[in-house]
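As structure tokens, the structure follows; a few thoughts come after it.
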Protein chains: 2
Amino acid sequence: MTQTAQQAHRLVSDGLAAVGARGYHYRALAWLDELGPTSQADLGRRSGIHLSDLVATINELADQQLVERTPDPADRRRNIITITPAGRRQLRRLEKQLTRVQDELLAALTPDERDQLTLLLRRVLDHHTDARPSTPLLPNA
Amino acid sequence: MTQTAQQAHRLVSDGLAAVGARGYHYRALAWLDELGPTSQADLGRRSGIHLSDLVATINELADQQLVERTPDPADRRRNIITITPAGRRQLRRLEKQLTRVQDELLAALTPDERDQLTLLLRRVLDHHTDARPSTPLLPNA
DNA sequence: AGTCTATCGTTCGCCTCCCTAACGTTAGAT
DNA sequence: ATCTAACGTTAGGGAGGCGAACGATAGACT
């Protein structure tokens with residue numbers, strides 16, 4: 001299992017790197033798209049990205065104008081992070097890339113088997129996230 | 001899948017850390033036990049551990065007398081790495097720890113489902129390792 | 001008012017795994 | 001004798017993940 005995981009991880013990383021992104025970028029964008037404007041703390045809790053890493057991630061996304069960081073007038077501790085149209089376009093690109101990667105990864109399995117696999121993995125995962133502070137890494141999970 | 005993988009990875013890492021070891025230590029010991037005395041280069045190729053990392057790994061294992069590094073008289077470029085009795089004991093400990101971890105990880109599944117899961121993962125993995133320089137990370141793979 | 005606590009963003013540092021580049025030493029082939 | 005290739009080693013970096021601390025702010029409580 002560890003080995004298949006590494007294979008998957010390598011494929012995903014390479015796939016994202018080919019579009020000039022990393023896992024954190026995708027996770028942040030995906031959650032932002034899902035949640036709408038959010039504070040960094042909230043985004044961090046949802047996405048499971050550590051707050052200290054989120055700072056750099058948001059910086060990088062903001063540098064590419066994929067995201068906007070504005071202070072919250074109602075709570076001056078907070079920054080409000082908003083995904084931009086360019087950010088949404090990038091997100092679509094990343095999603096397409098990841099679909100490709102997934103197809104490549106699961107090429108050996110029939111659709112039925114893929115369903116079986118994801119079902120089993122879900123069960124394993126749920127059993128552990130139940131006993132823990134439950135935080136799916138991705139919105140559509 | 002990435003998420004379950006991370007869960008697995010976390011459990012494995014934590015489990016090994018609880019015994020004061022890391023993944024590299026286990027992989028090196030497991031392969032050494034399987035192969036008998038070997039050169040670092042060979043061990044690296046088998047275990048998939050990068051040569052540069054293997055240096056530190058062997059150093060650490062040697063510091064704990066789990067492994068012995070002796071120059072090869074027949075080829076003065078080579079070091080011959082040998083697992084010691086203490087190393088074998090440590091390896092057994094790590095294996096036991098990993099068995100515990102695996103049980104914990106797959107607790108949600110019945111034995112049949114576990115078999116199904118490993119079968120599916122094997123298929124996925126084989127499909128990719130066929131097209132590549134095929135190097136199972138662990139001996140019993 | 002003042003104080004106490006919790007949150008937010010940020011910075012710094014550490015860990016694991018993976019990988020690249022370079023360098024000196026040694027073997028082996030030509 | 002020279003040229004190539006392998007071996008071990010060192011130094012460094014990227015990616016994901018985590019903990020500790022700190023200033024600024026908010027909220028609650030007295």
Side-chain angles (χ1 to χ4, degrees), chain A residues 2-3 5-28 38-62 67 69-81 132-133 135 137-138, chain B residues 2-3 5-28 38-62 67 69-81 132-133 135 137-138:
Chain A
T2 301
Q3 298 179 46
Q6 273 170 357
Q7 189 64 34
H9 193 271
R10 177 199 305 273
L11 284 175
V12 168
S13 290
D14 288 357
L16 289 179
V19 201
R22 301 182 288 145
Y24 281 172
H25 297 149
Y26 172 66
R27 279 158 66 179
T38 325
S39 73
Q40 289 182 208
D42 208 40
L43 181 56
R45 276 186 291 265
R46 300 284 195 144
S47 65
I49 300 179
H50 200 283
L51 281 192
S52 58
D53 299 316
L54 198 52
V55 174
T57 303
I58 299 294
N59 283 344
E60 290 155 11
L61 291 175
V67 123
R69 190 198 250 125
T70 48
D72 183 343
D75 183 341
R76 300 219 307 268
R77 292 171 302 179
R78 281 187 172 86
N79 288 337
I80 297 187
I81 313 298
R132 285 172 181 266
T135 306
L137 298 171
L138 291 177
Chain B
T2 300
Q3 298 178 47
Q6 273 169 357
Q7 188 65 34
H9 195 273
R10 177 202 306 272
L11 284 176
V12 169
S13 290
D14 287 358
L16 289 180
V19 201
R22 302 182 287 146
Y24 281 173
H25 297 150
Y26 172 65
R27 278 158 66 180
T38 323
S39 74
Q40 288 182 211
D42 209 40
L43 181 56
R45 276 186 291 265
R46 299 284 195 146
S47 66
I49 300 177
H50 201 282
L51 281 191
S52 58
D53 298 317
L54 199 50
V55 174
T57 304
I58 299 294
N59 283 343
E60 289 154 13
L61 292 176
V67 124
R69 191 198 249 124
T70 47
D72 183 345
D75 184 340
R76 300 220 307 268
R77 291 171 303 180
R78 280 187 172 88
N79 289 335
I80 297 188
I81 313 299
R132 284 172 181 265
T135 306
L137 297 171
L138 292 177

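Values below: every heavy atom of this structure, side chains too, minus hydrogens, waters and symmetry copies. Chain identifiers are assigned alphabetically (A, B, ...) following the order of the sequence lines, protein sequences preceding nucleic acid strands; residue numbering begins at 1 within each chain. Everything numeric in this text was worked out from a predicted model, so none of it was measured.
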Practice problem: Report the residue (A74(A) or A21(A)) whose heavy-atom-nearest nucleotide on DNA chain D is the more 5′ of the two. | Solution: A21(A)
Exercise. Provide, to the nearest angstrom, the distance between the CD atom belonging to Q6(A) and the P atom belonging to dA15(D).
Key: 18 Å
Quiz item: From Q40(B) CD over to D72(B) CG, what is the distance, rounded to the nearest 0.5 angstrom?
Solution: 12.0 Å
Self-check item: Closest approach of S47(A) to R27(A) (non-hydrogen atoms, all atoms of both residues)
Solution: O-NH2, 3.1 Å
Quiz item: Separation of D72(A) atom CG from dG27(D) atom P, in whole Å?
Solution: 10 Å
Quiz item: From dC17(C), dT10(C), dG16(D), pick the nucleotide closest to the side chain of Y24(A)?
Solution: dG16(D)
Exercise. With rounding to the nearest 0.5 Å, note down the distance linking OH in Y24(A) to CD in E60(A).
Key: 11.0 Å
Quiz item: Can you check whether Q40(B) has a side-chain N or O nearer than 4.0 Å to OP1 or OP2 of dT9(D)?
Solution: yes
Quiz item: Do the side chains of H9(B) and H9(A) get nearer than 4.5 Å, heavy atoms only?
Solution: no
Practice problem: Indicate whether OP1 or OP2 belonging to dC7(D) is found under 4.0 Å from a side-chain N or O atom of R69(B). | Solution: no
If you restrict it to nitrogen or oxygen atoms, what contacts under 3.5 Å exist between nucleotides 18-21 of chain D and the protein, and what is each distance?
{"residue": "dC18(D)", "atom": "OP1", "partner": "R10(B)", "partner atom": "NH1", "Å": "2.9"}
{"residue": "dC18(D)", "atom": "OP1", "partner": "R10(B)", "partner atom": "NH2", "Å": "3.4"}
{"residue": "dC18(D)", "atom": "N4", "partner": "S52(A)", "partner atom": "OG", "Å": "3.3"}
{"residue": "dC18(D)", "atom": "N4", "partner": "D53(A)", "partner atom": "OD1", "Å": "3.3"}
{"residue": "dG19(D)", "atom": "N7", "partner": "H50(A)", "partner atom": "NE2", "Å": "3.2"}
{"residue": "dG19(D)", "atom": "O6", "partner": "S52(A)", "partner atom": "OG", "Å": "2.9"}

Practice problem: Quickly work out the L54(B) CG to dC17(C) C1' distance and round it to whole Å. | Solution: 14 Å
Show me the protein contacts with nucleotides 5-7 of chain C, counting only N or O atoms at under 3.5 Å.
{"residue": "dT7(C)", "atom": "O2", "partner": "R77(A)", "partner atom": "NH1", "Å": "3.0"}

Exercise. Mind calculating the distance between NE2 (H9(A)) and P (dA15(D)) to the nearest angstrom?
Key: 11 Å
Self-check item: Audit row: I81(A), L61(A), side chain to side chain contact (heavy atoms under 4.5 Å, CB included) steps and yes/no
Solution: CA-CA 10 Å; I81(A) 313 298; L61(A) 291 175; over 6 Å; no
Exercise. With rounding to the nearest 0.5 Å, note down the distance linking OG1 in T57(A) to CG in L51(A).
Key: 11.0 Å
Quiz item: Can you tell me how far CG of N79(B) sits from CG of L43(B), rounded to the nearest 0.5 angstrom?
Solution: 11.5 Å
Quiz item: What is the distance from CG of L51(A) to P of dC22(D), rounded to the nearest Å?
Solution: 18 Å
Quiz prompt | Reported CG-to-CG distance for the pair L11(A) and L16(A), which is rounded to 0.5 angstrom | solution = 11.0 Å
Quiz item: Looking only at side-chain N and O atoms, does N79(B) come under 4.0 Å of OP1 or OP2 in dT9(D)?
Solution: yes
Quiz item: In whole Å, what is the span from the CG atom of L16(B) to the P atom of dC15(C)?
Solution: 17 Å
Quiz item: N59(A) has an atom CG; how far is it from atom P of dC12(C), in whole Å?
Solution: 12 Å
Quiz item: Between S13(A) and D75(B), which has a closest nucleotide on DNA chain D that is more 5'?
Solution: D75(B)
Exercise. Whole angstrom is fine here: how far is it from CD1 in I58(B) over to P in dT10(D)?
Key: 13 Å
Practice problem: For N59(A), check side-chain contact (heavy atoms from CB on, under 4.5 Å) against everything at least two apart and list the hits. | Solution: V55(A), R69(A)
